[in-house]
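So the structure is just underneath, and the comments pick up after that.
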Amino acid sequence: MLAAKQQWCPRCQRHVQTEQKQSSIGRQKELVRIIITCFKCRTTLSSKTTSAAALEQNEDGSTEK
């Protein structure tokens with residue numbers, strides 16, 4: 001789901017390009033919040049919080065393929 005380039009936007013009533021933003025959370029920056037928004041109307045389509053270590057491991061695995 002995170003790698004999707006287009007998603008259905010309920011506000012626009014069609015498939016739209018998405019924008020993904022990542023921000024660190026907490027004092028030790030151990031958590032990362034990933035927010036996917038509609039590129040046209042800026043409505044939040046999904047939000048997920050994950051650990052920074054799991055995100056790095058997931059990104060490393062996707063670049064090797």
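Note that these values count all heavy atoms, side chains included, but never hydrogens, waters or copies made by symmetry.
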field: Any residue meeting salt bridge (charged side-chain N to carboxylate O under 4.0 Å, His left out) with Arg27, in chain and number order, not counting sequence neighbours
entry: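 Listed in chain order: nothing, the list is empty.
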- prompt: Out of curiosity, Thr49 OG1 to Ile35 CD1, how far, rounded to the nearest 0.5 Å?
  reply: 8.0 Å
- prompt: Going by the salt bridge (Lys or Arg N to Asp or Glu O under 4.0 Å) test, which pairs reach into residues 11-24, not counting sequence neighbours?
  reply: Glu19-Arg42
- prompt: Does atom CD of Gln28 have more than 12 heavy-atom neighbours, drawn from other residues, nucleotides or ligands, at distances under 6.0 Å?
  reply: no
- request: Take Gln7 and Ile36 through the test side chain to side chain contact (heavy atoms under 4.5 Å, CB included) and record every step on the way to the result.
  value: CA-CA 10 Å; Gln7 286 187 356; Ile36 299 177; 4.1 Å; yes
Heavy atoms only: give me the nearest [X]-[Y] pair and the separation to one decimal.
| X | Y | value |
| --- | --- | --- |
| Ile25 | Val32 | CD1-C, 4.4 Å |
| Leu45 | Cys9 | CD2-CA, 4.0 Å |
| Cys12 | Lys40 | SG-CD, 4.1 Å |

query: Which residue pairs satisfy the ring pair (Phe, Tyr, Trp, His ring centres under 6.0 Å) criterion with at least one member in residues 9-39, sequence neighbours excluded?
result: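 The answer is Trp8-His15.
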message: If you apply the rule side chain to side chain contact (heavy atoms under 4.5 Å, CB included), what do you find for Lys48 with Arg33, and how did you get there?
response: CA-CA 6 Å; Lys48 180 180 179 182; Arg33 176 175 285 147; over 6 Å; no
- request: Mind running side chain to side chain contact (heavy atoms under 4.5 Å, CB included) on Ser24 and Leu31 for me, showing each step along the way?
  value: CA-CA 6 Å; Ser24 299; Leu31 296 176; over 6 Å; no
- prompt: Within a strict 4.5 Å, meaning less than it, do heavy atoms of the Gln20 and Ile34 side chains meet?
  reply: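 In contact.
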